[in-house]
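The residues of the chain are indexed from 1 along the displayed sequence. Hydrogens, waters and symmetry mates are skipped; everything else that's a heavy atom, side chains included, is used.
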Amino acid sequence: MHYKLLYIVVFFVLCSCKSDEQELYLFTSFREPATEGLMLTYSEDGYHWKDLDGPFLKPTIGNDSIMRDPSITRDKNGTYHLVWTTEWRGGNGFGYANSKDLVHWSTEKYIPVMEHEPEVVNVWAPELFYDDEADRFIIIWASTIPNRFEKGEEEEKNNHRMYYTTTKDFITFTETKLFLDPGFSVIDAVIVKRAKNDYVLVLKDNTRPMRNLKVAFANNPLGPYKNISEPFTDFLSEGPTVVFTNEEWLIYYDNYGAKNYKAVATQNFKEFRDVSDSIQLPKGHKHGTITTIDKSILQGVLEKEHK
């Protein structure tokens, strides 16, 4: 017990030496086989991540009762909202829950966003984006509807496009619409706001020859996104998330072909610098998203962790 208490004391001493305005970072994750639930890590600099003793939310909904691709964001009142993949195939929605402290969670809810498409194969990697200009949440995800779109080498059940819905309260949702059809199979898209009327979309080209990450640009979070770039990552990479730190953007991604995690830094989303040697992540970390966390919230998580 003594070393656990010492760990907490040391952490708070370090935090007290820093500015109250400093933001800490929170990175969601999951572990294979994806039945354990929500895992969390935190960082003071956006590069070095410390594991928190999860799981914090065990998945209980969906046909497979799994949690993959957990995406989290915090609203203007400080409540965390979480969405995640609940099935590999066969589902028509995703999971949702919220929490004020990351310890106590609401009842899990299944959001059937593709129930109007009886042939839908999957709903993968829902991603949350808070649109502060319109005070709403945008949720985007990848789904396959066989024989709906042109394809290359992909099978009909692996030819994804991105869809979206919006909500202000996670109770009422707008009609599901097509978000992105770039002319090829696409998954794992992430919206990034650089400034008003200036948005970047980081996406995975999921075609068999590519399976790597690219970027596109728009003046509205809902697009249309244009000028899709050449890939900036290796073959067999996915699951991007983006954080702004030290006056530049870091794009983390799962470099699953080589079975490692990597990151690049960029200031303009046109030139990318590999900074993988400068990051540190817990063993087994799988892709999620990054948001911010107050020291007081992290204190509560650590206190529960070490009881």
Search all heavy atoms of A216 against all heavy atoms of I228 and return the closest pair with its distance. CB-CG1, 3.8 Å
H287 ring center near F30 ring center (under 6.0 Å): yes
Is D234 reaching over with its side chain to a backbone N or O of S237, donor-acceptor style, under 3.5 angstrom? no
Check: T79/N98 side-chain N/O donor and acceptor closer than 3.5 Å: no
Residues in ring-ring contact (aromatic ring centres under 6.0 Å, His included) contact with Y25, at least two apart in sequence or another chain: none
Flag the pair D132 and K76 as a salt bridge only when some basic side-chain nitrogen lies within less than 4.0 angstrom of an acidic carboxylate oxygen. no
Stepwise side chain to side chain contact (heavy atoms under 4.5 Å, CB included) test for I139 and F173: CA-CA 10 Å; I139 311 166; F173 297 83; 4.0 Å; yes
Evaluate the side-chain proximity of L24 to I297: yes if any heavy-atom separation is below 4.5 Å, no if none is. no
With sequence neighbours excluded, what pairs up with Y253 under the ring-ring contact (aromatic ring centres under 6.0 Å, His included) test? none
Cluster membership besides Y256, Ile/Leu/Val/Met/Phe/Trp/Tyr side chains within less than 4.5 angstrom, sorted by chain and number, is F235, L236
Restricting to pairs with a member in residues 202-218, which pass salt bridge (Lys or Arg N to Asp or Glu O under 4.0 Å), not counting sequence neighbours? E154-R208, K204-E238, D205-K214
According to ring pair (Phe, Tyr, Trp, His ring centres under 6.0 Å), does anything in residues 122-142 pair up with another residue at least two apart or in another chain? List the pairs. H81-F137, W88-W124, F94-W141, W124-H160, Y130-F137, F137-F170
Testing the basics here: between L82 and M67, what is the closest heavy-atom pair and its distance to 0.1 Å? CD2-CE, 4.2 Å
What residue pairs, at least two apart or across chains, pass salt bridge (Lys or Arg N to Asp or Glu O under 4.0 Å) with a residue in residues 86-114? none
Looking at D135, I want to see if its CG is surrounded by more than 12 non-hydrogen atoms of other residues, nucleotides or ligands under 6.0 Å. yes
Say you draw a straight line from CZ of R148 to CG of N159; how long is it, rounded to the nearest 0.5 Å? 11.5 Å
Taking all atoms of both residues into account, what is the closest heavy-atom pair of T85 and A125, and its distance? OG1-N, 2.8 Å
Who are the side chain to side chain donor-acceptor pair (under 3.5 Å) partners of W49, not counting sequence neighbours? Y252
Once side chain to side chain donor-acceptor pair (under 3.5 Å) is applied, do any residues pair with N220, and if so which ones, sequence neighbours excluded? none
Same cluster or not: V83 versus V120, using hydrophobic residues (I, L, V, M, F, W, Y) connected whenever any side-chain heavy atoms lie under 4.5 Å apart? yes
Salt bridge (charged side-chain N to carboxylate O under 4.0 Å, His left out) involving E155 - partner list, sequence neighbours excluded: none
Provide the full list of salt bridge (Lys or Arg N to Asp or Glu O under 4.0 Å) pairs with a residue in residues 161-178, sequence neighbours left out, each pair given once. R161-D181
For the student: nearest non-hydrogen atoms of T176 and V113, plus distance: OG1-O, 2.8 Å
According to ring pair (Phe, Tyr, Trp, His ring centres under 6.0 Å), does anything in residues 180-227 pair up with another residue at least two apart or in another chain? List the pairs. F179-Y225
Does any non-hydrogen side-chain atom of L201 lie less than 4.5 Å from one of V190? no
For L57 and W84, what are the C-alpha separation, side-chain angles and deciding distance, and is it a side chain to side chain contact (heavy atoms under 4.5 Å, CB included)? CA-CA 11 Å; L57 180 65; W84 67 91; 4.1 Å; yes
Listed by chain and number, what are the side-chain contact (heavy atoms from CB on, under 4.5 Å) partners of N219, not counting sequence neighbours? N197
Minimum heavy-atom distance T233-L213, with the two atoms named: OG1-N, 2.9 Å
